[in-house]
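For reference, the structure discussed in these notes is given below.
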Amino acid sequence: MRSRRRLTLTLTILLSLNFAATLMVTSPAAAACVDGQETYLDPVTGKIKTRVCDSGDTGGGTSGPSGPTACVRSTGEVISCSLGSGRWSPTHDCYLFATEQPDASDPRWATADGSPEAGRFYTCDDDPQLWIYIANGQEAPPDPAVLAQEALGAVQLTTPTLQLAPAPPAKSYVGLETWMWMPQGQWAPLTNTVTAGATSVTVTIEPRWVTWNMGPGSKVCYDAGRVWQVGQMPPGSTTSCSYTYSRVSDFQPDGVWPVSAAITWRVSWTCAGNCLATAGSLGEVDGPAGTASLVVAERQSVNVLPVETRNR
């Protein structure tokens with residue numbers, strides 16, 4: 001009787017989802033969130049699945065999203081706005097899932113004052129027997145964080161072109177400051193937009209730092225570095241990105257130190273149109289590494305006796 005009463009009340013009153021009533025708050029995700037992912041039990045399939053989550057910004061390394069997106073139950077409990085393929089409906093106080101539609105002759109269409117051409121039915125996670133009719137164009141919007149991941153996946157992150165001074169095949173030397181940089185144009189934000197129905201999500205991917213692995217050690221730089229221009233550098237010139245070797249490369253494979261550098265990017269997103277949230281973050285991601293190699297030698301000093309000493 002409870003399910004029948006809820007079905008009748010819902011089908012006669014509700015014709016749309018009022019997602020505008022969704023409350024956005026800053027709060028940790030309800031489940032353990034590691035690197036922007038969490039596991040959950042899908043109430044429809046009974047299987048363990050993985051979804052994007054909000055773990056907060058840890059301020060270093062690879063962090064989870066820093067703009068938590070959550071919804072609120074009528075009881076005041078803070079929850080995720082999505083559960084697998086389900087979307088939270090504040091109007092119904094439950095997660096709505098797409099379901100197999102009844103035949104056109106099924107009396108539920110008439111009871112809902114709808115039709116297969118004008119809308120579709122959804123089920124509620126807390127009562128799978130409850131069928132809720134939603135008119136076309138008013139169904140639950142997609143999770144913007146999922147669209148942001150899709151947009152990010154379609155972007156080719158920049159592979160830095162490594163530049164060194166001394167420039168190979170010239171040698172660097174133990175104790176000599178080796179300058180590193182990349183073309184300034186490679187240290188630039190990237191963007192991409194994905195649209196699903198009335199929802200558009202744009203990701204902005206900004207360079208945060210570049211990690212140079214120089215062989216025996218590494219250096220983190222926070223810009224593209226300064227170009228060394230041969231014969232044009234004034235005395236005392238400095239750079240924000242350099243490395244000083246303390247060991248020669250003689251005993252390394254091929255007699256060189258391998259060098260690589262990869263940019264770490266900060267990914268944020270904004271949503272326009274029909275959105276569960278207006279903005280968020282996917283944290284930091286590492287791009288592909290550019291490579292090079294460098295011979296590092298050691299200057300030999302020779303002691304020369306004064307002329308008068310040699311003539312004795």
Side-chain angles (χ1 to χ4, degrees), residues 33-36 54-68 145 148-149 151-168 170 172-192 202-230 232-247 249 256-270 279-294 296:
C33 187
V34 179
D35 291 338
D54 301 301
S55 62
D57 190 350
T58 59
T62 302
S63 65
S66 62
Q149 289 279 10
L152 173 61
V155 175
Q156 179 62 54
L157 297 178
T158 302
T159 301
T161 302
L162 308 194
Q163 303 291 327
L164 304 169
S172 187
Y173 292 90
V174 170
L176 175 68
E177 185 180 39
T178 299
W179 286 34
M180 304 99 72
W181 71 93
M182 69 184 68
Q184 188 62 46
Q186 295 182 347
W187 189 266
L190 307 170
T191 61
N192 189 36
T202 298
V203 290
T204 300
I205 310 161
E206 301 175 290
R208 292 292 301 277
W209 61 80
V210 54
T211 302
W212 291 81
N213 290 305
M214 305 301 292
S218 63
K219 177 66 179 289
V220 176
C221 302
Y222 294 89
D223 55 27
R226 183 181 180 186
V227 178
W228 176 273
Q229 297 175 308
V230 178
Q232 301 180 43
M233 305 302 293
S237 296
T238 61
T239 178
S240 61
C241 194
S242 66
Y243 183 84
T244 302
Y245 283 92
S246 60
R247 296 162 54 192
S249 60
V256 298
W257 284 114
V259 177
S260 66
I263 302 171
T264 297
W265 305 81
R266 178 70 170 177
V267 185
S268 60
W269 56 264
T270 56
S281 172
L282 298 181
E284 278 92 28
V285 297
D286 293 329
T291 60
S293 60
L294 184 64
V296 178

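Given the structure is predicted, the values throughout are model-derived calculations rather than measurements. Residue indices begin at 1 and follow the sequence shown.
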Practice problem: Please name the pair of heavy atoms, one in Ala261 and one in Pro160, separated by the smallest distance, quoted to 0.1 Å. | Solution: O-CG, 3.2 Å
Exercise. List the atom of Arg266, the atom of Gly283, and the distance in Å for their closest heavy-atom pair.
Key: NH1-CA, 3.5 Å
Quiz item: Between CG of Leu282 and CD1 of Ile205, what distance do you get to the nearest 0.5 Å?
Solution: 9.0 Å
Quiz item: Would you say the side chain of Leu157 lies within less than 4.5 Å of the side chain of Pro288, judging by non-hydrogen atoms?
Solution: yes
Practice problem: Just jot down the side chain to side chain contact (heavy atoms under 4.5 Å, CB included) partners of Gln229, sequence neighbours excluded, or say none. | Solution: Val227, Gln232, Met233
Exercise. Could you check if a side-chain atom of Cys221 sits within less than 4.5 angstrom of a side-chain atom of Tyr243, using non-hydrogen atoms only?
Key: no
Quiz prompt | Euclidean distance, Leu294 CG relative to Trp257 CH2, rounded to 0.5 Å | solution = 11.0 Å
Quiz prompt | side-chain hydrogen bond (donor to acceptor under 3.5 Å, both in side chains): pairs with one or both residues in residues 179-192, sequence neighbours excluded | solution = Thr161-Gln186, Glu177-Trp179
Practice problem: Report yes or no: does Tyr245 contribute a side-chain atom to a donor-acceptor pair with the main-chain N or O of Gly215 at less than 3.5 Å? | Solution: no
Quiz item: If you round to the nearest 0.5 Å, how far is CH2 of Trp209 from CG of Asp286?
Solution: 8.0 Å
Quiz item: Partners of Leu176 by side chain to side chain contact (heavy atoms under 4.5 Å, CB included), sequence neighbours excluded?
Solution: Pro166, Ser172, Tyr173
Quiz item: When rounded to the nearest 0.5 angstrom, what distance separates CE in Met182 from OG1 in Thr158?
Solution: 9.0 Å
Quiz prompt | Where Cys241 and Gly225 come nearest, the two heavy atoms and their spacing | solution = CB-CA, 4.2 Å
Exercise. Could you pull out all residues at least two apart from Thr202 that satisfy side-chain hydrogen bond (donor to acceptor under 3.5 Å, both in side chains)?
Key: Thr193
Quiz item: When you measure from the side chain of Thr270 to the backbone N and O of Val203, does any donor-acceptor pair fall under 3.5 Å?
Solution: no
Exercise. Using atom types as modelled and distance alone, determine if a side-chain donor or acceptor of Trp269 lies under 3.5 Å from a backbone N or O of Leu152.
Key: no
Exercise. Just jot down the salt bridge (charged side-chain N to carboxylate O under 4.0 Å, His left out) partners of Arg208, sequence neighbours excluded, or say none.
Key: Glu284
Exercise. Taking all heavy atoms of Pro207 and all of Pro189, pick out the closest pair and write down the distance.
Key: CD-N, 4.0 Å
Quiz prompt | Where at least one partner belongs to residues 211-229, residue pairs that pass salt bridge (charged side-chain N to carboxylate O under 4.0 Å, His left out), sequence neighbours excluded | solution = none
Quiz item: If we only count heavy atoms from C-beta on, is the Trp212 to Leu162 side-chain gap below 4.5 Å?
Solution: yes
